[in-house]
Amino acid sequence: MRGTLIDGVALAKKIRLRVAEEAAALTAQGTTPGLTVVLVGDDPASAVYVRAKGRASEEAGIRSDTIRLPASTPEHELLALIDRLNADRAVHGILVQMPLPRHIDADVVIRRLDPEKDVDGFHPVNVGLLCAGSKEGFAPCTPAGVMAMLRAYGVETRGAHVVVLGRSNIVGKPMASLLMQAGPDADATVTVCHSRTRDLAEHVRRADIVIAAVGRPHMVTADMVKPGAVVIDVGINRVNDPAAPKGYRLVGDVDFENVKDVASLITPVPGGVGPMTIAMLLQNTVRAAFRALG
Ligand code: NDP
């Protein structure tokens, strides 16, 4: 292997320890940070994510509540719950686990959140602040986690050409926004590719840093990567594997086995971006609690 592995587990642990210290300091002042996660329906992958978030919160000294609602919950009931959580002073962060059942409009739900409690960073106020280059809002956890990784591993983004694969509101768009901000931690030249991009491989070949957030197993192959490029794999895909205990295994959007020989730095899946996403959620929650203190 030529490339160095970016250890998301170790880095996330370090961040979680720091967050735990901040949470303890807040608790000592009489305010225990609180995160409420709302899970509607019984999507098994969502249930796994929600459990992981709850566990990580508790470990960091953040009070964590999970409210589970049946898939048949009407939209107005979910909105009424959000109103109650917005008004609850013990709740500093609210996370509505996506995807929501089809009869509920996710945009309406996100807009109902108090932006000060929107620790996922999806509310239009937080999206707008991010686009405007302000650090006052909450940045979405996955792209914020990628930025923290790049910083921790000393990756120079200033003037670098970054190709982001994917333009979702959760990953691709905010990722591009963060990278193109003016400032020493960003200052990148960003190309965003999506399903309508022509000659995608050509764009990727010119990248100093590749960030894949597409949801297609092994889409980024070694011939698409410039030697020495940094490769960040956000993708989490289940592929069938009869030899695995669960009958499937998780792989990223990058053909890790081959790309690792070309890249200078690369994230594994699992153990790369995933743990960082949770660490950033905890960090945002503690920040929300600090801000609630005034
Ligand atoms: P979405 O499905 O919302 O977005 C996927 C994006 O990839 C879209 O912009 C889509 O283009 C683009 N795309 C799809 N197929 C192709 C293709 N063949 N060529 C080029 N572009 C393509 O996914 P998310 O952004 O929510 O998630 C992306 C991946 O990251 C998933 O695997 C998800 O599981 C994972 N993920 C991981 C997280 C973590 O913590 N590690 C957190 C969040 C997501 P278009 O817009 O044109 O449809």
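Note that ligands are numbered from 1 as they come in the structure, with each ligand's atoms numbered from 1 the same way. For reference, positions follow the sequence shown, starting with 1.
The heavy atom nearest to atom 44 (C) of ligand 1, considering only I170, L165, V171, is found in V171. Across the listed options R216, M280, H194, H194 owns the non-hydrogen atom lying nearest to atom 20 (C) of ligand 1. Considering V234, V214, V146 only, the shortest heavy-atom separation from atom 41 (N) of ligand 1 involves V234. Residue T142 holds the heavy atom nearest to atom 42 (C) of ligand 1 of all those in V192, L281, T142.
Closest protein heavy atom to atom 31 (C) of ligand 1: G215 CA, 3.6 Å. The closest protein non-hydrogen atom to atom 8 (C) of ligand 1 is R167 N, 4.0 Å. Protein heavy atom closest to atom 26 (O) of ligand 1, with residue, atom name and distance, is S168 OG, 4.0 Å. Looking at atom 10 (C) of ligand 1, its nearest protein heavy atom turns out to be S195 N, 4.3 Å.
The contact set between ligand 1 and G166, taken as ligand atoms under 4.0 Å from a residue heavy atom, comprises 6 (C), 7 (O), 9 (O). Taking a cut-off of under 4.0 Å to the non-hydrogen atoms of N237, the atoms of ligand 1 that pass are 32 (O). Atoms of ligand 1 lying under 4.0 Å from at least one heavy atom of L200, given by number and element, are 20 (C). Close approach to G274 involves these atoms of ligand 1, each under 4.0 Å from a residue heavy atom: 40 (O), 41 (N).
With sequence neighbours excluded, the residues forming a salt bridge (Lys or Arg N to Asp or Glu O under 4.0 Å) with R158 are D187, listed by chain and number. Checked against salt bridge (Lys or Arg N to Asp or Glu O under 4.0 Å), R167 has no partners two or more places apart in sequence or in another chain.
Ion pairing between E202 and R205 holds under the 4.0 Å rule for side-chain N and carboxylate O.
Residue-ligand proximity: A213 is placed with a non-hydrogen atom under 4.0 Å from ligand 1.
With a 4.5 Å cut-off on side-chain heavy atoms, Q97 and V40 do not count as touching. A heavy-atom distance below 4.5 Å is found between the side chains of T31 and H92.
At a heavy-atom cutoff of 4.0 Å, ligand 1 is contacted by both the backbone and the side chain of I236. When non-hydrogen atoms are compared, ligand 1 lies under 4.0 Å from the side chain of T277 (C-beta onward) but not from its backbone. Within the 4.0 Å heavy-atom criterion, the part of M219 lying near ligand 1 is the side chain and not the backbone.
Listed for the D208 side chain is no donor-acceptor partner under 3.5 Å among the backbone atoms of A229. Remark: side-chain polar atoms of K173 are not paired, donor with acceptor, to backbone N or O of V127 under 3.5 angstrom.
The shortest non-hydrogen separation linking H123 to I110 is CD2-O, 3.2 Å.
Counting non-hydrogen atoms of other residues, nucleotides and ligands closer than 6.0 Å to CG of D42 gives a total of 12 or fewer.
Interatomic distance, R84 CZ to I67 CD1, rounded to the nearest 0.5 Å: 7.5 Å.
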